[in-house]
Asks: 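What follows is a single structure, and I will ask about it in a moment.
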Number of protein chains: 2
Amino acid sequence: MTDSIQVQLKKGVLELCVLALLSKQDSYAYEIASRLAEDIGMGEGTIYPLMRRMQNDGLVTTYLVDSETGPPRKYYKLTQSGRTALTRQRKEWDAFNTSVRTILGSGT
Amino acid sequence: MTDSIQVQLKKGVLELCVLALLSKQDSYAYEIASRLAEDIGMGEGTIYPLMRRMQNDGLVTTYLVDSETGPPRKYYKLTQSGRTALTRQRKEWDAFNTSVRTILGSGT
DNA sequence: AGATGCTATCTTGTTATGCAAGGTAGCTAT
DNA sequence: ATAGCTACCTTGCATAACAAGATAGCATCT
């Protein structure tokens, strides 16, 4: 149940996290996944369906870069729509947080 | 999509919110639902499956109270397990929040 | 008595998303 | 050729919130 709570908490936030990471610099999926696995325990299989969704929604574009140490990497870059979505989702996350904090109150 | 994000954000948090409300005072489901609908836009059909889950998990017990203005109300009361769960989930929420805030960083 | 309106409870099928496990493919080194 | 590492990808499952529908009790009115 604790694990389940953790899983459920992540829903809705991972896209925002990816948008935020990409706003700082273009990255490839595996790198994003590794980063988020470390920071918030995102699972291995999550990133690719997520990136595909974001691409389908026009939030990112992709380009290939040859890697010197392995297979070519598919880099993702935020579109203007992606940047707009980031701004909006960040606001929604902040508002949501404020609401939850109010409900949780100060007690216990 | 925006709406979907909102829905996904709530997953995993609503139980914590209910625990928090009940930690302050026993309440009946409809009242909890009204309160959370107002505070964070929880949907109408959510509360009863949630309360049933929490009861099955031993987080709450119930008792009936006759109402002077309508049908009898089924009040919910936190168990000791419920209070323990509240403490734990609050910590997890805080930790999760900190992680997400770190990822979001300060810039756009 | 029945009808109406409000309060309160409850169920169920759908939707969306993360997870885990499995798989493929390219590059380098042996 | 194989092995190991990096990187990409799919798919079925599990979960929880939503929306819509339903039922039931109580008070009031006719």
Side-chain angles (χ1 to χ4, degrees), chain A residues 1-19 26-37 39-57 59-60 62-76 89 96 100, chain B residues 1-19 26-37 39-57 59-60 62-76 89 96 100:
Chain A
M1 185 171 75
T2 301
D3 289 346
S4 170
I5 294 289
Q6 291 283 359
V7 168
Q8 305 303 331
L9 282 179
K10 290 171 204 159
K11 291 186 177 179
V13 170
L14 293 183
E15 181 172 310
L16 174 58
C17 293
V18 171
L19 288 172
D26 297 357
S27 306
Y28 55 98
Y30 187 80
E31 182 182 44
I32 296 170
S34 302
R35 176 71 184 279
L36 292 181
D39 289 347
I40 54 175
M42 183 177 80
E44 303 172 15
T46 304
I47 192 66
Y48 296 103
L50 177 54
M51 298 316 299
R52 184 170 58 236
R53 277 203 311 269
M54 289 170 75
Q55 191 172 4
N56 288 344
D57 291 343
L59 304 182
V60 296
T62 64
Y63 56 97
L64 279 186
V65 176
D66 285 336
S67 157
E68 297 179 347
T69 61
R73 295 164 172 161
K74 183 171 178 182
Y75 274 76
Y76 291 84
Q89 284 185 34
F96 179 68
V100 173
Chain B
M1 186 169 75
T2 301
D3 289 344
S4 169
I5 295 287
Q6 290 283 359
V7 168
Q8 306 301 332
L9 282 180
K10 290 172 205 159
K11 292 188 176 179
V13 169
L14 293 183
E15 181 171 309
L16 174 58
C17 291
V18 170
L19 288 171
D26 298 356
S27 306
Y28 55 98
Y30 187 81
E31 182 184 44
I32 296 171
S34 302
R35 177 71 183 278
L36 292 181
D39 290 347
I40 53 175
M42 183 178 77
E44 303 171 14
T46 303
I47 192 66
Y48 296 102
L50 177 53
M51 297 316 300
R52 183 169 60 234
R53 275 201 313 270
M54 291 171 72
Q55 191 172 4
N56 288 343
D57 291 344
L59 304 183
V60 296
T62 63
Y63 56 96
L64 279 186
V65 176
D66 284 336
S67 159
E68 297 178 348
T69 61
R73 294 164 173 162
K74 183 170 175 181
Y75 274 75
Y76 292 84
Q89 283 184 37
F96 179 69
V100 173

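What you see is a predicted model, and the numbers here were worked out from it, not measured in a lab. Residue numbers begin at 1 in each chain, while the letters A, B, ... track the order of the sequences.
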Asks: In whole angstroms, how far is the P atom of C:dC10 from the CZ atom of B:Arg53?
Replies: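 About 15 Å, once rounded to whole Å.
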Asks: Check the phosphate of D:dT6 against A:Tyr30, side-chain N and O only, distance under 4.0 Å to OP1 or OP2. Yes or no?
Replies: no
Asks: From D:dC8, D:dA17, C:dA16, pick the nucleotide closest to the side chain of B:Ser4?
Replies: C:dA16
Asks: Listing request: all salt bridge (Lys or Arg N to Asp or Glu O under 4.0 Å) pairs with a residue in residues 45-55 of chain B, at least two apart in sequence or in separate chains.
Replies: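 Every candidate salt bridge (Lys or Arg N to Asp or Glu O under 4.0 Å) pair involving residues 45-55 of chain B fails, so no pair, neighbours aside, qualifies.
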Asks: Specify the separation, in whole Å, of atom CD1 of B:Ile5 and atom C1' of C:dT15.
Replies: 14 Å
Asks: Using a heavy-atom cut-off of under 4.0 Å over every strand shown, decide if B:Ile47 touches base, sugar-phosphate, or nothing.
Replies: nothing
Asks: Who passes side-chain hydrogen bond (donor to acceptor under 3.5 Å, both in side chains) against A:Tyr48, sequence neighbours left out?
Replies: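 Counting only residues at least two positions away or on another chain, A:Tyr48 forms no side-chain hydrogen bond (donor to acceptor under 3.5 Å, both in side chains).
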Asks: Output one line per pair: protein atom, nucleotide atom from nucleotides 20-30 of chain C, and distance, for all N/O pairs under 3.5 Å.
Replies:
none

Asks: Tell me every residue that passes salt bridge (charged side-chain N to carboxylate O under 4.0 Å, His left out) with A:Asp39, counting only those two or more places apart in sequence or in another chain.
Replies: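 Only A:Arg35 meet the salt bridge (charged side-chain N to carboxylate O under 4.0 Å, His left out) criterion with A:Asp39.
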Asks: Check A:Asp66 against A:Pro72 and note the closest heavy-atom contact, atom names and distance.
Replies: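 The answer is OD1-CB, 3.7 Å.
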Asks: Whole-Å distance between D:dC8 P and A:Leu50 CG?
Replies: 14 Å
Asks: Of the candidate nucleotides C:dT9, D:dC18, D:dC8, which contains the atom at the shortest distance from the side chain of B:Lys74?
Replies: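 In terms of side-chain proximity for B:Lys74, the closest of C:dT9, D:dC18, D:dC8 is C:dT9.
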Asks: Just jot down the side chain to side chain contact (heavy atoms under 4.5 Å, CB included) partners of B:Ser27, sequence neighbours excluded, or say none.
Replies: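 Expected list: B:Leu22, B:Gln25, B:Glu31, B:Ile32.
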Asks: Restricting to side-chain hydrogen bond (donor to acceptor under 3.5 Å, both in side chains), what partner residues turn up for A:Ser67, sequence neighbours left out?
Replies: A:Thr69
Asks: Output the rounded distance in Å from CE (A:Met51) to C1' (D:dT10).
Replies: 16 Å
Asks: From the options D:dC8, C:dC19, D:dC18, select the nucleotide whose nearest atom is closest to the side chain of B:Leu14.
Replies: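 Of D:dC8, C:dC19, D:dC18, D:dC18 is nearest to the side chain of B:Leu14.
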Asks: Counting only distance, no hydrogens or angles, is the base of D:dT15 paired donor-acceptor with the side chain of B:Lys11 under 3.5 Å?
Replies: no
Asks: Rounded to whole Å, please give me the gap between CD in A:Gln55 and P in D:dT10.
Replies: 11 Å
Asks: Figure out the OH/P separation between A:Tyr48 and D:dT6, and round it to whole Å.
Replies: 13 Å
Asks: Select from B:Arg52 and B:Gln8 the residue whose nearest nucleotide in DNA chain C is closer to the 5' end of that strand.
Replies: B:Arg52
Asks: May I have the distance from A:Leu9 (atom CG) to C:dC19 (atom C1'), rounded to whole angstrom?
Replies: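 Computing the A:Leu9:CG to C:dC19:C1' distance gives 15 Å.
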Asks: Nearest whole angstrom, please: distance from the C1' of C:dC10 to the OH of B:Tyr76.
Replies: 9 Å
Asks: Return the orientation label for the B:Tyr28 and B:Tyr75 ring planes: parallel under 30°, perpendicular over 60°, tilted otherwise.
Replies: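 It falls in the perpendicular class, over 60°.
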